Amino acid sequence: MFDVVDVIDMVTWPLLILVASAGTIYAIVLGVQMASADSTEKREEAKKRVINVLIGMAIAVGLILLI
């Protein structure tokens with residue numbers, strides 16, 4: 001029989017890997033959009049998105065590790 005702690009321990013690492021890889025892929029996509037933006041306004045918007053994704057990933061990974 002599994003305890004709640006054992007289940008959380010088994011789920012933590014795959015969840016951490018999933019969040020980190022999804023965030024990394026999305027940050028790469030946004031980086032490509034930023035590099036290929038034809039106007040300064042689109043470039044700045046993509047830059048804000050990249051920063052927000054990186055902050056969100058750091059918070060998500062920190063919370064997963066805290067659990």
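Predicted, not measured: the structure shown is a model, and the values here were computed from it.
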Could you list the donor-acceptor pairs under 3.5 angstrom formed between side-chain atoms of residues 48-67 and any protein atom two or more places apart in sequence or on another chain?
unit_1: N52; atom_1: ND2; unit_2: K48; atom_2: O; d: 3.3

Using the rule given for side chain to side chain contact (heavy atoms under 4.5 Å, CB included), can you reason through I8 versus T12, listing the C-alpha separation, both sets of side-chain angles and the distance that settles it, and then say yes or no? CA-CA 6 Å; I8 289 174; T12 300; 3.8 Å; yes
Return the set of residues passing side chain to side chain contact (heavy atoms under 4.5 Å, CB included) with T40 (not counting sequence neighbours), or none when no residue passes. R43, E44
Take Q33 and V29, measure what side chain to side chain contact (heavy atoms under 4.5 Å, CB included) needs, and give me the verdict at the end. CA-CA 6 Å; Q33 284 180 357; V29 169; 4.2 Å; yes
May I ask you to list the residues sharing a hydrophobic cluster with I17, side-chain cutoff 4.5 Å, ordered by chain and number? none
